[in-house]
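What follows is a short report on a single structure.
Given the structure is predicted, the values throughout are model-derived calculations rather than measurements. Just so we're on the same page: letters track the sequence lines, and every chain starts at 1.
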Amino acid sequence: MADIQQLKDLTTQVRRDIVRQVHAVNSGHPGGSLGCAEFLVVLYNEIMQHDPSFDMDGKGEDLFFLSNGHISPVFYSVLARAGYFPVEELNTFRKLDSRLQGHPTTHEGLPGVRIASGSLGQGMSVAIGAAEAKKLNNDKRTIFTLHGDGELQEGQNWEAIMYASANKVDNLIATIDVNGQQIDGSTESVLALGDLENKFVAFGWEVVIVANGNDIASVISGIEEAISLSRKQKPVCILLHTSMGHGVDFMMGSHKWHGVAPNDEQLAEALKQNPETLGDY
Amino acid sequence: MKTYTNTGNKDTRSGFGAGLTQLGDTNKNVVALCADLTGSLKMNEFADRYPERFFQVGIAEANMMGIAAGLTIGGKIPFTGTFANFSTGRVYDQIRQSIAYSDKNVKICASHSGLTLGEDGATHQILEDIGLMKMLPGMTVINTCDYNQTKAATLAIADHHGPVYLRFGRPKVANFTPEDGEFHIGKAVHLQEGSDVTIVATGHLVWEALEAAKELNEKGISADVINIHTIKPLDEEAIIKSVKKTGCIVTAEEHNYLGGLGESVARTLAQHHPAPQEFVATQDTFGESGTPAQLLEKYGLNAANIAKQAEKVIARK
């Protein structure tokens with residue numbers, strides 16, 4: 001178990017990794033990546049039982065599925081810094097012949113990635129399949145997922161959400177990154193999601209709300225609460241309220257940083273706001 | 001000329017059901033998923049015998065494909081079942097991203113392919129599925145000809161690691177391949193020796209090809225007949241060897257002539273041994289309502305048209 005300061009330091013370094021990856025190739029998605037840094041750092045370093053030597057089937061391990069694959073910079077950074085592959089490999093992000101494709105894939109054999117994602121809306125279904133396999137295998141570990149809030153506009157999610165409660169998939173904890181932003185604007189303006197808490201409750205899920213998903217302690221207690229609610233015949237959802245672009249003041253809260261890379265000056269400013277803690281790659 | 005005996009008409013989908021049930025006994029990793037068409041896919045027996053390994057997902061094919069992909073993570077071998085239309089076109093993106101690109105060991109099993117769903121009409125038929133599936137890198141595409149071969153293929157794909165599209169149909173058709181015959185993915189079955197024309201057929205049209213060969217024989221034309229049950233990977237060697245002997249070819253399939261077996265054969269010949277080819281297939285059209293027999297006749301997917309195209313292609317040599 002890490003202490004809070006260690007997790008904060010790691011999160012700051014992950015933020016540096018995110019902006020540096022995206023800047024280096026002048027493409028990628030920094031906004032959602034920055035917003036989800038605390039969640040993924042906590043999950044991989046405080047919550048999950050997992051093995052960086054990596055086996056695709058992951059029997060006896062907790063598994064994580066990233067459904068909103070465009071936030072690959074944060075996923076890659078957290079995986080690398082958890083020992084799945086060399087941190088220096090972050091240098092290859094989105095470049096030719098890289099295992100770090102723009103959106104994560106199993107195709108290039110990157111340890112830690114169990115499904116291609118990026119075409120939105122498919123991760124929940126895959127996670128349910130993995131959860132059902134765990135049940136058949138008598139494997140008591142848990143499946144975790146992350147989805148964007150805008151991603152819930154894809155209908156396949158609601159097929160999966162309905163399936164999970166109807167079939168008591170209670171070894172699944174699905175987290176929705178509620179940052180209220182998507183490419184074209186706020187979720188409210190593009191296609192309002194309505195009352196997500198009541199929607200999940202109406203679909204038969206347990207719901208945990210994390211009001212500040214960019215606070216390490218809140219994220220830990222939220223996931224722990226979700227775990228305590230799991231295995232009781234219902235799937236569990238965490239509504240994780242985050243700020244897109246969190247940690248870089250000029251990116252925060254704006255949909256404009258969903259998929260835009262910082263220029264040289266902006267990179268310098270972002271790095272100044274997130275000083276090196278564990279060493280750059 | 002070799003003769004084949006129809007041991008009694010049976011539906012290919014029942015061959016799938018029988019194979020799946022057998023797999024339930026012999027391979028504990030096999031699981032099955034269905035989108036509210038358990039009876040149509042003949043999955044009832046598996047569902048009854050192995051309820052813990054059967055997943056009823058409801059009318060939600062996209063979710064079914066995703067769950068199937070996820071089940072492989074944990075070592076399961078999922079067989080999904082629904083109509084061919086809903087197994088492919090409806091869920092192309094889910095198959096592309098979560099199954100093929102992710103290299104997941106999912107067996108997409110599709111019934112009621114082609115025109116022979118009949119009266120339900122074009123919304124429930126599909127004449128594009130072979131094309132959609134064969135274009136996906138890493139996807140194996142199989143279209144079986146009768147009950148026995150469908151059963152054998154169902155057993156064989158469980159032992160093949162990687163995504164597979166297995167296509168079969170609804171109507172009862174001649175059952176003429178050997179019971180418990182071997183099935184080798186990617187290996188064509190040479191049904192009959194001939195010297196004047198090669199006929200390669202897949203699915204329900206294999207029997208029609210044999211019938212056509214009989215008609216041709218009565219006219220003194222000798223046809224080499226090949227059953228291509230695996231469209232991808234294609235047994236190019238068998239096709240080239242035959243065409244080198246006969247000098248021309250007819251391809252026959254219950255599918256659009258664009259994207260199907262005929263096109264794969266044409267590419268093979270263009271690269272290795274150019275020769276005249278005629279296509280027995282639908283001509284870039286949707287289907288319509290009618291009895292299976294009426295539809296096959298209207299669209300020329302029968303022995304009479306195969307024989308006619310054989311004579312046409314021989315004249316082009």
Just give me the residue among Pro78(B), Ala60(B), Ala68(B), Ala69(B) that pairs up with chain A most often, heavy atom to heavy atom, under 4.5 Å.
Ala60(B)

Max heavy-atom pair count under 4.5 Å with chain A, selected residue of Ile67(B), Ile99(B), Leu33(B)
Ile67(B)

Shortest non-hydrogen contact from [X] toward [Y]:
{"X": "Thr72(B)", "Y": "Asp57(A)", "value": "O-OD1, 3.4 Å"}
{"X": "Tyr101(B)", "Y": "Thr106(A)", "value": "O-OG1, 3.6 Å"}
{"X": "Ser98(B)", "Y": "Gln122(A)", "value": "OG-OE1, 2.6 Å"}
{"X": "Ser102(B)", "Y": "Ile115(A)", "value": "OG-CD1, 3.6 Å"}

Would you say the side-chain atoms of Gln94(B) and Gln156(A) include a donor-acceptor pair closer than 3.5 Å?
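Their side chains do contain a donor-acceptor pair, which is all the 3.5 Å distance test asks for.
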
Select one option (side chain, backbone, both, neither) describing which atoms of Ala62(B) are under 4.5 Å from chain A's heavy atoms.
both

Between Lys135(A), His107(A), His103(A), which residue shows the highest count of heavy-atom pairs closer than 4.5 Å to chain B?
His107(A)

Taking the side chain as C-beta and beyond, is there a heavy-atom pair between [X] and [Y] under 4.5 Å?
{"X": "Asn63(B)", "Y": "Met124(A)", "answer": "no"}
{"X": "Lys104(B)", "Y": "Met56(A)", "answer": "yes"}
{"X": "Phe55(B)", "Y": "Asn167(A)", "answer": "no"}

